[in-house]
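A short write-up of the structure that comes next.
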Amino acid sequence: MRPSIVVSILSCLCLILTSAYFIFYQSDNNISQFSEKPDLINYDGEVISAKMGNATQKAELGRSTWKLLHTMAAQYPEKPSSEERKALYQFFKLLSRLYPCGECAAHFQLLLKQYPPQTSSRVAASQWACAIHNKVNERLGKEIFDCSNIEEKYNCGCDEEGEKESLSL
Ligand SMILES: Cc1cc2nc3c(=O)[nH]c(=O)nc-3n(C[C@H](O)[C@H](O)[C@H](O)COP(=O)(O)OP(=O)(O)OC[C@H]3O[C@@H](n4cnc5c(N)ncnc54)[C@H](O)[C@@H]3O)c2cc1C
Ligand SMILES: *[C@@H]1O[C@H](CO)[C@@H](O)[C@H](O)[C@H]1NC(C)=O
Ligand SMILES: *[C@@H]1O[C@H](CO)[C@@H](O)[C@H](O)[C@H]1NC(C)=O
């Protein structure tokens with residue numbers, strides 16, 4: 001065989017294998033493809049979600065989400081590490097992009113700019129969450145909640161001793 005034919009065959013083979021890699025391997029790998037690139041996240045980006053027209057669905061989603069947020073704050077560490085503080089801050093920033101009621105998310109982004117998430121302790125986070133919920137209540141013409149009662153309403157629901165170790169799967 002002439003060398004030029006060998007080179008051609010090898011080139012073709014190379015092309016086919018490269019294509020196969022992109023078609024088969026990458027499409028099987030959707031879950032992990034971004035896992036190594038957390039720095040690509042834009043915490044201050046635009047709202048991602050669409051408008052949620054249905055008022056019933058909007059209210060249901062709101063009630064469930066507030067329950068999640070207040071419970072999360074109630075279980076947040078009393079003395080968080082700086083990494084844990086970043087996690088809570090970024091969670092709220094991303095929530096304001098991804099909350100699946102786009103018009104709510106847009107308002108929430110403005111609120112976060114004015115009242116940045118407080119992350120220094122459990123009390124700070126719980127009081128901040130209560131205050132930001134009241135800001136939304138105010139805009140929607142709802143009753144204002146008394147934040148001095150927040151700890152009675154949302155308990156952390158956690159087993160204090162020895163639970164963290166058993167979390168690693
Ligand atoms: C981030 C976010 C943004 C939203 N933006 C909009 C929006 O722009 N437009 C819109 O129509 N809806 C919005 N909602 C939904 C809205 O806030 C309500 O959840 C929804 O209208 C249902 O109201 P609700 O009266 O059942 O009580 P919710 O406000 O859902 O509250 C649920 C329960 O929490 C308790 N609670 C009330 N206030 C507080 C407080 N300050 N701290 C702790 N507990 C409290 C009360 O027991 C109340 O019954 C948003 C929800 C969230 C999570
Ligand atoms: C991966 O995502 C692409 C679209 O981005 C899709 O066509 C493909 O089916 C997905 N593969 C798997 C295994 O989910
Ligand atoms: C709004 O959402 C509720 C609850 O999901 C549903 O029962 C209702 O039919 C919806 N209304 C309209 C007008 O789509």
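Order of listing sets the numbers, starting from 1, for every ligand and every atom in it.
H70 pairs with exactly one of Y76, Y154, W128 by the ring-ring contact (aromatic ring centres under 6.0 Å, His included) rule, that one being Y154.
Heavy-atom proximity to H70, at under 4.0 Å, picks out these atoms of ligand 1: 42 (N), 43 (C), 44 (N). For ligand 1 and N134, the ligand atoms under 4.0 Å from any heavy atom of the residue are 41 (N). Listed by number with element, the atoms of ligand 1 under 4.0 Å from a non-hydrogen atom of T65 are 53 (C). Close approach to K153 involves these atoms of ligand 1, each under 4.0 Å from a residue heavy atom: 35 (C), 46 (C), 47 (O). Listed by number with element, the atoms of ligand 1 under 4.0 angstrom from any heavy atom of I150 are 42 (N), 43 (C). Near G62, meaning under 4.0 Å from any of its heavy atoms, are these atoms of ligand 1: 15 (C), 19 (O), 30 (O), 51 (C). Interface of K58 with ligand 1, defined as ligand atoms under 4.0 Å from a residue heavy atom, comprises 10 (C), 11 (O).
Contact check for L111 versus K135: side-chain heavy atoms found under the 4.5 Å cut-off. In this structure the side chain of N42 reaches within 4.5 angstrom of the side chain of D44, judged on heavy atoms.
When the heavy atoms of Q127, E143, K142 are ranked by distance to atom 24 (P) of ligand 1, first place goes to K142.
Follow the hydrophobic side-chain contacts under 4.5 Å out from Y43 and you never reach Y99; the two are in separate clusters. Transitive grouping of hydrophobic side chains (ILVMFWY, heavy atoms separated by less than 4.5 Å) keeps L69 and L98 in distinct clusters. Connection of L88 to I132 is established within a shared hydrophobic cluster, with ILVMFWY side chains joined at heavy-atom distances below 4.5 Å, either directly or through further cluster members. Hydrophobic clustering of Ile, Leu, Val, Met, Phe, Trp and Tyr side chains at less than 4.5 Å, counting indirect connections, keeps F145 apart from F108. Note on V136: it does not cluster hydrophobically with L94, by side-chain heavy-atom contacts below 4.5 Å among ILVMFWY residues.
Looking from atom 36 (N) of ligand 1 to the surrounding protein, the closest heavy atom is H133 CE1, 3.6 Å. Among all protein heavy atoms, the one lying closest to atom 38 (N) of ligand 1 is N137 ND2, 3.0 Å. For atom 17 (O) of ligand 1, the closest heavy atom belonging to the protein is W66 NE1, 2.9 Å. Nearest protein heavy-atom contact of atom 12 (N) of ligand 1 is L140 CD1, 3.5 Å. Protein heavy atom nearest atom 3 (C) of ligand 1, with residue, atom name and distance: C104 CB, 3.9 Å. Distance from atom 20 (C) of ligand 1 to its nearest protein heavy atom, with residue and atom name: A59 CA, 3.7 Å. With hydrogens left out, the protein atom closest to atom 26 (O) of ligand 1 is R63 NH1, 2.8 Å, a heavy atom. Ranking protein heavy atoms by distance to atom 11 (N) of ligand 3, first place goes to N54 ND2, 2.9 Å. In terms of protein heavy-atom proximity, atom 44 (N) of ligand 1 is closest to Y154 OH, 2.8 Å. In this structure, atom 5 (O) of ligand 3 lies nearest to the protein heavy atom Q57 CG, 4.1 Å. Ranking the protein heavy atoms by distance from atom 4 (C) of ligand 3 puts T56 CG2, 4.3 Å first.
Within a 4.0 Å radius of atom 7 (O) of ligand 3, the protein contributes no non-hydrogen atoms. Less than 4.0 angstrom separates atom 2 (O) of ligand 3 from at least one non-hydrogen atom of the protein. For atom 49 (O) of ligand 1, the nearest protein heavy atom lies 4.0 Å or farther away.
Within the 4.0 Å heavy-atom shell around ligand 1 one finds R139.
N54 contributes a side-chain N or O that, together with a main-chain N or O of Q57, makes up a donor-acceptor pair within less than 3.5 Å. One N or O on the side chain of R97 and one on the backbone of E46 form a donor-acceptor pair closer than 3.5 Å.
Ring pair H133/W66 is parallel by interplanar angle, where below 30° counts as parallel and above 60° as perpendicular.
For I150 against Q127, the heavy-atom pair with the smallest separation is CG2-NE2, 3.3 Å. Residues A73 and S126 share a closest heavy-atom pair of O-OG, 3.4 Å.
Within 6.0 Å of atom CD in E103, more than 12 heavy atoms from other residues, nucleotides or ligands are found, so the atom counts as buried in its surroundings.
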